[in-house]
**Q** 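The structure is given below, and queries will be raised subsequently.
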Amino acid sequence: MLLFPSCYGDKGNYDYVELNDINIVFDDAITTLIRDSLKIDPQITGRNGYDKGKYTYEWSVYSATDEQEPVVIGTLPQLAYYVSLQPGKYKLVFTVQEKDAEIFYRKISDLEVKTTTTLGWLVLCSEEGRVRLDMMSHITGETYRDLLKETELENWQEPRQLLYDSYM
C-alpha cells in the first residue's frame with residue numbers, strides 16, 4: 001500500500017534508442033614480415049546500415065607476451081602500416097567508436113611479425129674488399145643481397161668470420 005503512491009507520478013515517457021550493432025570482420029590470425037606493408041580492409045556492417053563518417057577508428061598493437069601499453073598504428077577504417085615492430089607475437093586491436101556516443105565496437109586478432117632472416121642460409125662475401133652479407137631465406141624463398149647496406153657496417157672491410165646471436 002505504501003509503494004502505490006511512488007508510481008503515481010510516472011508518465012510513461014521512455015525514449016529508447018536502438019543501438020546499431022556493428023560487426024567487424026577480418027582475419028583472426030595475421031602473419032607479416034618486418035619492414036613489409038601490412039594492409040587490412042575490414043568488412044564493417046551495421047544492423048541499421050553503416051555510415052563510416054559517424055565513427056572514429058583506431059588500430060593499435062601490443063605484445064602478447066610482455067605487459068606494455070598499446071601502440072596506435074592507424075586511425076583510418078583501413079590499415080596501411082609499414083611494419084617496424086620487432087619480430088614476435090602481438091595482439092592487433094581495431095576499435096570503432098561512435099562520434100555522438102561513448103559506444104565502441106572492437107575486434108582483436110593475433111599478429112605474428114617475422115623477419116626474412118629468421119631461417120635460411122647466410123653467405124659472407126667480399127666485394128672489392130668491402131663486406132657483403134647475403135641471405136637465402138627459407139621464410140620467403142628469396143635471396144636478399146647486401147643485408148649490411150644502409151647500416152653502420154656498410155663500409156666494413158675484409159670479412160673474417162660470421163657470428164650469429166639469435167637474441168640480437
Side-chain angles (χ1 to χ4, degrees), residues 15-123 131-156 164-168:
D15 292 330
Y16 293 109
V17 177
E18 186 176 328
L19 298 177
N20 185 23
D21 286 333
I22 296 294
N23 188 34
I24 304 167
V25 178
F26 60 91
D27 290 339
D28 291 329
I30 300 165
T31 301
T32 188
L33 294 173
I34 190 170
R35 288 185 240 120
D36 206 356
S37 182
L38 176 60
K39 295 182 180 185
I40 301 174
D41 189 3
Q43 180 184 11
I44 305 171
T45 57
R47 180 176 18 167
N48 301 327
Y50 165 69
D51 179 3
K52 69 179 179 179
K54 293 182 178 181
Y55 300 91
T56 61
Y57 306 91
E58 181 179 277
W59 293 90
S60 59
V61 65
Y62 64 92
S63 174
T65 56
D66 298 335
E67 291 185 26
Q68 69 176 40
E69 292 295 316
V71 176
V72 176
I73 59 172
T75 57
L76 297 173
Q78 295 81 23
L79 179 64
Y81 172 63
Y82 175 78
V83 181
S84 59
L85 300 167
Q86 293 296 316
K89 294 183 187 266
Y90 297 88
K91 294 291 183 182
L92 177 65
V93 181
F94 180 49
T95 304
V96 178
Q97 182 170 350
E98 290 187 25
K99 290 180 180 178
D100 298 335
E102 293 188 19
I103 300 169
F104 67 90
Y105 307 90
R106 184 169 282 161
K107 163 86 174 168
I108 301 174
S109 291
D110 293 323
L111 174 65
E112 184 173 6
V113 177
K114 293 183 178 182
T115 176
T116 56
T117 57
T118 300
L119 183 63
W121 290 92
L122 289 171
V123 180
V131 171
R132 191 183 88 215
L133 182 64
D134 297 342
M135 172 94 185
M136 290 175 271
S137 174
H138 287 269
I139 302 292
T140 64
E142 296 182 33
T143 299
Y144 297 91
R145 302 203 182 280
D146 207 357
L147 296 177
L148 301 177
K149 190 174 185 177
E150 298 178 7
T151 71
E152 65 270 9
L153 299 176
E154 180 175 24
N155 295 317
W156 191 29
Y164 172 73
D165 183 353
S166 63
Y167 297 103
M168 292 181 67

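For this chain, numbers begin at 1 and follow the sequence in order.
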**Q** Salt bridge check: are D146 and R132 linked by an N-O gap of less than 4.0 Å?
**A** no
**Q** Please report the shortest heavy-atom distance between D134 and R145, naming the atom on each side.
**A** OD1-CA, 3.2 Å
**Q** Could you tell me whether the side chain of V83 reaches within less than 4.5 Å of the side chain of L33, counting heavy atoms only?
**A**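 Sidechains of V83 and L33: no contact.
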**Q** Compare all side-chain heavy atoms of P42 with those of Y57 and state whether any distance is below 4.5 angstrom.
**A** no
**Q** Would a 4.5 Å heavy-atom cut-off, applied to side chains only, mark D110 and K91 as touching?
**A**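 The answer is yes, as the side chains (C-beta and beyond) meet within the 4.5 Å cut-off.
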**Q** Tell me, do T56 and K99 make a side-chain contact under 4.5 Å, heavy atoms counted?
**A** yes
**Q** If you look at every heavy atom in K114 and E112, which pair is closest and at what distance?
**A** CE-OE2, 3.5 Å
**Q** When the ring planes of F26 and F94 are compared, do they come out parallel, tilted or perpendicular, using 30° and 60° as the limits?
**A** perpendicular
**Q** Take atom CZ in F104; do more than 12 heavy atoms of anything else shown fall under 6.0 Å from it?
**A**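 Counting other residues, nucleotides and ligands, CZ of F104 stays at 12 neighbours or fewer.
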**Q** So, for L147 and T151, which heavy atoms are closest and what is the spacing to 0.1 Å?
**A** O-CG2, 4.0 Å
**Q** Does M135 reach the side chain of L122, with side-chain heavy atoms less than 4.5 Å apart?
**A**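 Side chain of M135 against side chain of L122, heavy atoms only: contact under 4.5 Å found.
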**Q** How far apart are the C-alpha atoms of R35 and Y82, what are their side-chain angles, what is the distance that settles it, and do they pass the side chain to side chain contact (heavy atoms under 4.5 Å, CB included) test?
**A** CA-CA 6 Å; R35 288 185 240 120; Y82 175 78; 3.1 Å; yes
**Q** Quick one, L85 and I73 - any side-chain contact, counting heavy atoms below 4.5 Å?
**A**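 In short, these two side chains do not touch, never coming nearer than 4.5 Å.
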**Q** Once the angle between the rings of Y105 and Y55 is folded into 0 to 90°, is it parallel (under 30°), tilted (30 to 60°) or perpendicular (over 60°)?
**A**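 Perpendicular.
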**Q** Assess the residue pair I40 and W59 against the criterion (side chain to side chain contact (heavy atoms under 4.5 Å, CB included)); give the C-alpha distance rounded to whole Å, side-chain angles, the decisive distance to 0.1 Å, and a yes or no.
**A** CA-CA 10 Å; I40 301 174; W59 293 90; 3.7 Å; yes
**Q** So, taking the atom named OG1 in T32 and the one named NZ in K39, what distance separates them when rounded to the nearest 0.5 Å?
**A** 11.5 Å
**Q** Please report the closest heavy-atom contact between G46 and I22, naming both atoms and the distance.
**A**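 So the minimum-distance heavy-atom pair works out to CA-CD1, 4.0 Å.
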**Q** Would one find more than 12 heavy atoms of other residues, nucleotides or ligands at under 6.0 Å from atom CD of Q68?
**A** yes
**Q** Report the C-alpha distance between D28 and K107 in whole Å, list the side-chain angles of each, state the deciding distance to 0.1 Å, and finish with yes or no for side chain to side chain contact (heavy atoms under 4.5 Å, CB included).
**A** CA-CA 9 Å; D28 291 329; K107 163 86 174 168; 2.4 Å; yes
**Q** When you compare the side chain of L38 with that of L111, does any pair of heavy atoms fall below 4.5 Å?
**A**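 The answer is yes; the side chains approach within 4.5 Å.
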**Q** Is there a donor-acceptor pair closer than 3.5 Å between any side-chain N or O of K54 and the backbone N or O of D100?
**A**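 A pair under 3.5 Å: no.
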**Q** Quick one: does T115's side chain have a donor or acceptor within less than 3.5 Å of a partner on P87's backbone?
**A**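 Absent.
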**Q** Looking at CD1 of I108 and CD1 of I24, how far apart are the two atoms once the value is rounded to the nearest 0.5 Å?
**A**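 Separation between the atoms: 10.5 Å.
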